[in-house]
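Chain identifiers are assigned alphabetically (A, B, ...) following the order of the sequence lines, protein sequences preceding nucleic acid strands; residue numbering begins at 1 within each chain. Just the heavy atoms: all of them, side chains too, but no hydrogens, waters or symmetry mates, feed the values below.
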Amino acid sequence: MTLLDVKNLTLQFDTDEGRITAVDDVSFEINPGEVLGLVGESGSGKSVTAKSLMHLNPPNAVYSPESSITLNLEDQSVDVLSLRQGSQDMQIVRGGSISMIFQEPMASFAPAITIGDQMVEQLVLHKAISEKEAMKISVEMLERVGISDPSERFNQYAFELSGGMRQRAMIAMALSTRPKLLIADEPTTALDVTIQAQVIDLMKDLVTDFNMGIIFITHDLGVIAQTADRVAVMYLGKLVEQGPVRNVIRDPAHPYTQGLLNALPKLEDLDAPLTPVPGDIPSPLERPPGCVFHTRCSAVEDRCSLSVPEMKALDRKRSAACFVAADQRGAA
Amino acid sequence: MYQFVRFAAVRASLAIFTLVLVSFIVFSLMELVPGDCAERYLAFKNSQGAQISIADIEAERVRLGLDKPYIQRWGTWIINAFQGEFGDSCILRLNISQLLGQKIWLSVGICLASLLVAYMIAVPVGIIAATSRNPYLNNGLRLVSYLGLALPNFLLALMIMLFSTVMFGDSLTGLFSKEYRDADWSYDRVMDFLSHVWLPVFILGWSATAFAIQTVRALMSDEISKLYVTAAAARGVSGSRLLLRYPARHALSPIINSLGFDLNRIFNELPIVALILTLTEAGSLLIESLARSNDQQLAGAIIFFLTGSIVAINFITDILLAVIDPRIRHSIMG
Ligand SMILES: Nc1ncnc2c1ncn2[C@@H]1O[C@H](COP(=O)(O)OP(=O)(O)OP(=O)(O)O)[C@@H](O)[C@H]1O
Ligand SMILES: [Mg+2]
């Protein structure tokens, strides 16, 4: 059984400039024990997609009626988007079954509450345990993620910790309730490369131990190659390609994925020129008609600006939303 | 703990230094007023019919120590001031401390009560305004706020007095009824005082509340949109617990910070409101001494007192902030 099913997720924001589309008809799923990488340039809608999974977007967010997000737990299935604020099921989803690590670890701890207090609060909310037990679990968890002097850190505030420590504390807090799904939104971008590698290893270990699903958000395809089982590529609110990570990276089908890969430096040929995807990502207020990527695509054809390509299953368990790729690879 | 005491000591000496500086400015301003105490008193005598010679004025100058150098006189004044001794009033020839006595405490009390009322209303209302999405509530509050900001206190005071005079034949002025004005404190006098004092407190609190609501609402909206609130919601914290423990708790420091500023503004408005309501407290005495009788000694003493209260409240809020805000505590403790 899948853990999480996202179907036709469309999300718009009411803003002063009008209604902008941040996520457009996105569907994907994730299984227990699986790491799904979500990649895309800045502004492609990764974070808002992630927040939808816990119904966390601000009140100006509007979901289309077709959108559905289903979380399948052992004893029940939860329709996330229909949950009411503060309801019992909402509580189960937020911080219980799903935990999220936000993009900025500094800003996601309350500045005037100790790390320990915030950890204990979450544990007591979700588990039938006393504060004392919650404290013990929290300190163990801090130790588990490799924080030295965990009982001292427990009583400290976020601003007293270094960036790497904070990120570890964030992971410890997110995992302390043993969620079924962890959403990690660029958990390593704020860290330097060595610590980045440590944090990634740590997360991989914990996933195996806890057998949970992970959504790993990044714009770094290199990090995805190391961590994810499957990858989904987003562009301007659209999912353009998804499939097993090896297949997608060795042989990308969508021109956008190809572009992202060409933009990466290659260790075996450091002198090869980097070729970034040409042009700039359009403003969400002016989404191109047809395929959203056609304004920057190297393989663009006339039909691309006329109608929207659907997500089609291609070879090797992979699917892409591109007319050209579908023709070339003989979509099923 | 040692660092905290040191911090408090540093802040206290800073406060005292501020006060000394202010006293210098006040004293200098008093000096700038044309003529001095001796001249003024004798001119006053003259207007009452007494014969005055230049020699009389000189003798009076020496008696008051006005022939001493400026800095020396300031030094004496400030040393006495810190002991609560302000000398005699120029014109009334009465000891200023006795003259002001309870009037000062009444004034400070009225201002602090206005501040308290303002924040007791503004904190819950501001929090609700920042969280509510009800357009009627929000626009209603905005209107009340604008009224509070736009309607000058003295106008409000006049309107209430007019209304009350027409409706009840009582202008609601003063702090005491006639029979209690000079009586000793007793239960009845306290009740009489309370039945009068609400009006100046209300009028002074009126615009302070409007300001405070704006402040609290802006600070709350600011905090609510921060990531740590979303992050707490993502951990399953919800409802009033989420609101109070996260954004409200974190908006508290800047709110405390704004207290000193607001008290300052209330003090500024006190004299004019006091004048209209004919309150015989320090505010109206200040106007009286400045505008009518040009009594430098008295005016100086009152200004020194009011500034002293502002310096004191800023000192208290500084200490309070250090107690409740770990970031500030951390920067003190090193
Ligand atoms: N509350 C909001 N109101 C209006 N627009 C929003 C809101 N939140 C996000 N957006 C818009 O939605 C789009 C997607 O934003 P999102 O944060 O998901 O991008 P992202 O892929 O996470 O980018 P990054 O890599 O920079 O984190 C952006 O154009 C952003 O401006
Ligand atoms: Mg993001």
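- Interface check for chain A: of the options B:Lys226, B:Arg249, B:Arg241, the most heavy-atom pairs under 4.5 Å are formed by B:Arg241.
- Not a single donor-acceptor pair under 3.5 Å links the side chain of A:Ser52 to the backbone N or O of A:His55.
- Heavy atoms closer than 4.5 Å to chain B are found in the side chain of A:Glu160, but not in its backbone.
- Of the two parts of B:Ala233, the backbone and the side chain both hold a non-hydrogen atom closer than 4.5 Å to a non-hydrogen atom of chain A.
- Only the side chain of A:Met173 comes within contact range of chain B, with heavy atoms under 4.5 Å apart.
- A:Asp5 CG to A:Ile69 CD1: the interatomic distance, rounded to the nearest 0.5 Å, is 10.5 Å.
- Contact annotation for A:Ile113: both backbone and side-chain heavy atoms come within less than 4.5 Å of a heavy atom of chain B.
- Across A:Ala107, A:Ala174, A:Gly96, A:Pro59, the residue that shares the most heavy-atom pairs under 4.5 angstrom with chain B is A:Ala107.
- For a residue to count as touching a neighbouring chain, one of its non-hydrogen atoms must lie under 4.5 Å from one of that chain's; by this rule A:Asn57 does not touch chain B.
- Taking the six-membered ring for Trp and thresholds of 30 and 60 degrees, B:Tyr246 and B:His250 have nearly parallel ring planes, at less than 30 degrees apart.
- When heavy atoms are compared at a cutoff of 4.5 Å, A:Phe159 approaches chain B solely by way of its side chain, counted from C-beta outward.
- Salt bridge status for A:Arg144 with A:Glu140: absent, with no side-chain N to carboxylate O gap under 4.0 Å.
- Comparing B:Ala234, B:Ser238, B:Gly239 by heavy-atom pairs within less than 4.5 Å of chain A, the highest count is held by B:Ala234.
- Note that B:Arg265 lies in the cation-pi zone of B:Phe211, set by a 6.0 Å cut-off to the ring centre and a 45° limit from the axis.
- Note: A:Tyr63 OH to A:Leu9 CG = 7.0 Å, rounded to the nearest 0.5 Å.
- Interface remark: A:Ser108 contributes backbone and side-chain atoms alike to the contact with chain B (heavy atom separation under 4.5 Å).
- A pairwise comparison of heavy atoms in A:Phe13 and A:Ala22 identifies CE1-CB, 3.6 Å as the closest pair.
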